[in-house]
Amino acid sequence: MASICSSLSIKSGVSLWCPRSPSLDSHHSSVVTSRSFHQRRNYVVSASSSFANDNREFVIVGGGNAAGYAARTFVEHGMADGKLCIVSKEAYAPYERPALTKGYLFPLDKKPARLPGFHTCVGSGGERQTSDWYKEKGIEMIYEDPVTAIDAEKRTLTTNSGKLLKFGSLIIATGCTASRFPEKIGGNLRGVHYIRDVADADSLVSSLAKAQKVVVVGGGYIGMEVAAAAVGWNLDTTVIFPETHLLPRLFTPSLAQKYEELYQENGVKFIKGASIKSLEAGPDGNVTGVKLENGSTIEADLVVIGIGAKPAVSPFDKAVSLNTTVGGIEVDGLFRSSLPGIFAVGDVAAFPLKMYNKISRVEHVDHARRSAQHCVKALLTAQTHTYDYLPYFYSRVFEYEGSSRKVWWQFFGDNVGEAIQIGNFDPKIATFWLDSGKLKGVLLESGSPEEFQLLPKLAKSQPSIDKVKLQSAASVEEALEIASASILETA
């Protein structure tokens with residue numbers, strides 16, 4: 001569940017890494033120009049912090065990672081008790097959403113993840129914030145009642161049930177919604193699944209327990225993680241995607257080949273470069289197959305669609321400025337929207353990616369956590385330094401009991417320039433991206449804790465590296481030593 005959507009470079013007009021959410025259709029980017037945010041940093045405080053009269057000093061809309069980490073930050077600053085309200089369409093307190101395509105999908109006999117085990121903020125080693133935690137901290141939680149309207153001038157929100165909430169400051173943390181197939185080609189058939197929340201994951205687990213033939217549509221994060229889970233259920237699994245290799249927005253062809261071979265060793269079949277015409281149904285209305293544009297049909301009694309996500313901007317899209325290039329709500333380096341006192345964080349925010357001088361929208365748990373914390377600190381304190389984020393992505397698959405090979409890779413930085421691959425995937429492999437002699441990005445599979453800790457230092461410092469020396473490294477360990485030494489040499 002991760003991607004980065006970026007505009008072209010604001011400064012030079014030179015294209016940087018511009019991957020977008022995986023899709024079956026091609027999209028095009030245009031240059032985004034930065035704009036100033038001439039607004040006050042101070043926020044409006046409601047006349048009363050009592051919830052009885054529907055006035056809330058601070059309101060967070062959303063129930064995912066960003067909401068949970070924002071709530072913790074309010075608590076740390078002593079500004080939650082009787083002051084903070086969280087409005088969510090979810091039935092549960094905020095949780096670590098990445099678990100839904102990883103541990104949650106493990107077979108029932110292989111210790112799958114379940115709530116309350118992965119409420120925020122356990123993903124970063126923090127306290128498990130169950131519904132009782134919010135009660136103890138004096139935070140009002142409104143569950144299963146999404147916001148349907150905003151009146152920015154009156155500073156009110158209306159929920160689906162008709163509640164009218166007056167806010168002082170508002171943080172929009174609505175995340176994304178899964179991109180769906182149109183109904184006319186079978187996108188809503190029984191047996192067709194999308195995964196974005198616990199209810200989606202529960203429905204998918206129920207279907208996995210009864211399925212025989214699974215088709216996963218999409219070769220990105222969702223596709224790779226769901227396919228790995230299906231292997232654990234011993235199901236006939238086929239992955240279909242329009243690109244030439246897995247995860248093309250990050251993996252090089254040679255790196256993708258290593259992972260594809262591992263999946264194939266586990267029985268997964270790939271159909272690459274394929275366009276889907278429709279999803280077929282039987283007399284009972286359940287999906288029976290995936291029909292391709294070339295006329296062939298792949299049998300399936302379970303189809304999982306993982307073709308990306310769209311920022312959940314409604315109903316705020318009529319009130320705040322949106323970014324038409326990367327999508328999402330346009331914010332500055334303190335996550336302030338175009339309207340005073342209204343902020344946006346996490347997947348839904350289009351923010352300045354400072355170190356690459358471009359506007360980006362990042363769909364990743366690490367950014368959701370960090371942006372929420374930065375926003376709340378800026379709101380509550382005198383913090384004025386802008387958000388300086390280093391892009392980070394990872395995936396963990398085949399981690400269930402009995403798996404012959406566990407996969408865990410991490411990537412930091414930008415995948416621009418020439419890619420240099422070191423290692424044989426036994427189990428380690430690393431890819432370094434060099435541009436004009438400088439290290440721009442690095443990916444490592446199956447690293448040690450110390451090696452993984454080195455990656456952000458390398459990507460942040462962007463040291464000059466001797467390409468020939470790096471290419472001659474006999475092992476991943478030696479290559480990392482060469483890169484590490486180059487930090488000191490550059491300094």
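Just so it is clear, the model here is predicted, and its values are computed rather than measured.
Within the 4.5 Å cutoff, no side-chain heavy atoms of Gln264 are placed close to those of Lys269. Between Glu445 and Pro427 there is no side-chain heavy-atom pair separated by less than 4.5 Å. Using a 4.5 Å heavy-atom cutoff, the side chains of Val326 and Ser360 are not in contact. In this structure, Phe432 and Ile482 have side chains that are not in contact, with every pair of non-hydrogen atoms separated by 4.5 Å or more. For the pair Leu292 and Ile271, the minimum side-chain heavy-atom distance is below 4.5 Å.
Judged by distance alone, the side chains of Gln421 and Ser254 do bring a donor and an acceptor atom under 3.5 Å apart. A donor-acceptor pair shorter than 3.5 Å can be found between the side chains of Ser296 and Asn294. Gln462 and Lys440 form a side-chain donor-acceptor contact under 3.5 Å, judged by distance and modelled atom types alone. Side-chain contact annotation: Glu225 with Thr101, donor-acceptor N/O pair under 3.5 Å present.
The closest donor-acceptor contact from the side chain of Tyr263 to the backbone of Val239 lies at 3.5 Å or more, if one exists at all. At distances below 3.5 Å, not a single donor-acceptor pair connects side-chain atoms of His193 with backbone N or O atoms of Leu302. Panel note: side chain Asn65, backbone Arg97; a donor-acceptor pair is recorded below 3.5 Å. Side-chain atoms of Ser403 come within 3.5 Å of backbone atoms of Phe398 as a donor-acceptor pair (strictly under, hydrogens ignored). Within the 3.5 Å criterion, the main-chain N or O of Leu246 finds a donor-acceptor partner in the side chain of Glu260. A donor-acceptor pair under 3.5 Å is absent between the side-chain atoms of His245 and the main chain of Leu255, judged by distance alone. The main-chain N or O of Asp202 is never found under 3.5 Å from a side-chain atom of Ser206 such that the two would form a donor-acceptor pair. The backbone N or O of Phe181 sits less than 3.5 Å from a side-chain atom of Tyr194, completing a donor-acceptor pair.
Counting heavy-atom neighbours within 6.0 Å of Lys406 NZ, excluding the residue itself, gives a total above 12. Heavy atoms from other residues, nucleotides or ligands lying under 6.0 Å from CD of Gln471 number more than 12. Annotation for Lys460: atom NZ counts as buried by contact number, over 12 foreign heavy atoms lying within 6.0 Å. More than 12 non-hydrogen atoms from other residues, nucleotides or ligands lie less than 6.0 angstrom from CD of Glu261. Remark: Lys272 NZ is packed, more than 12 non-hydrogen atoms of other residues, nucleotides or ligands lying under 6.0 Å away. In Tyr92, the OH atom is not crowded: 12 or fewer heavy atoms of neighbouring residues, nucleotides or ligands sit closer than 6.0 Å. For Lys137, the NZ atom sits in a packed shell: over 12 heavy atoms of surrounding residues, nucleotides or ligands are nearer than 6.0 Å.
Here CG of Leu390 is found 8.5 Å from CZ of Arg370. Values are rounded to the nearest 0.5 Å. Within the model, atoms CD of Gln453 and CG of Leu458 stand 12.5 Å from one another, a figure rounded to the nearest 0.5 Å. To the nearest 0.5 Å, the span separating CZ on Arg336 from CD on Glu330 amounts to 13.5 Å. We find the CD1-NZ distance between Ile465 and Lys438 to be 10.0 Å, quoted to the nearest 0.5 Å. To the nearest 0.5 Å, atoms CD1 (Ile171) and CD1 (Ile60) are separated by 5.0 Å. Rounding to the nearest 0.5 angstrom, the gap separating the SG atom in Cys121 from the CH2 atom in Trp133 is 7.0 Å.
Nearest heavy atoms, Leu235 versus Ala211: CD2-O, 3.1 Å. Minimum interatomic distance between Tyr392 and Tyr394 (heavy atoms only, all atoms of both residues): OH-CD2, 3.6 Å. For the residue pair Ala201 and Leu100, the shortest heavy atom distance occurs at CB-CD2, 4.0 Å.
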### Message
Apply ring pair (Phe, Tyr, Trp, His ring centres under 6.0 Å) to residues Phe106 and Trp233 and explain how you reach the verdict.
### Response
CA-CA 8 Å; Phe106 287 0; Trp233 290 80; over 10 Å; no

### Worked check of ring pair (Phe, Tyr, Trp, His ring centres under 6.0 Å) between Trp409 and Phe425
CA-CA 11 Å; Trp409 58 261; Phe425 204 58; over 10 Å; no

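Evaluated for a salt bridge (Lys or Arg N to Asp or Glu O under 4.0 Å) with Asp347, the options Lys310, Arg196, Arg369 yield exactly one hit, Arg196.
A salt bridge links Glu418 to Lys467: at least one charged side-chain nitrogen sits closer than 4.0 Å to a carboxylate oxygen. In this structure, Lys110 does not pair ionically with Glu399, as no charged nitrogen and carboxylate oxygen lie closer than 4.0 Å. Looking at Lys213 and Glu299, a side-chain N of the basic residue comes within less than 4.0 Å of a carboxylate O on the acidic one, giving a salt bridge. Under the 4.0 Å criterion applied to side-chain N and carboxylate O atoms, Glu363 and Arg361 are assigned as salt-bridge partners.
With sequence neighbours excluded, the residues forming a salt bridge (Lys or Arg N to Asp or Glu O under 4.0 Å) with Glu76 are Arg72, listed by chain and number. Residues passing the ring-ring contact (aromatic ring centres under 6.0 Å, His included) test with Phe351, sequence neighbours excluded: His367, Tyr387.
Stacking of Arg249 on the aromatic ring of Tyr221 is not recorded, the 6.0 Å distance cut-off and the 45° axial limit not both being met. Judged by a 6.0 Å distance limit and a 45° cone about the ring axis, Arg114 is positioned over the six-membered ring of Tyr104.
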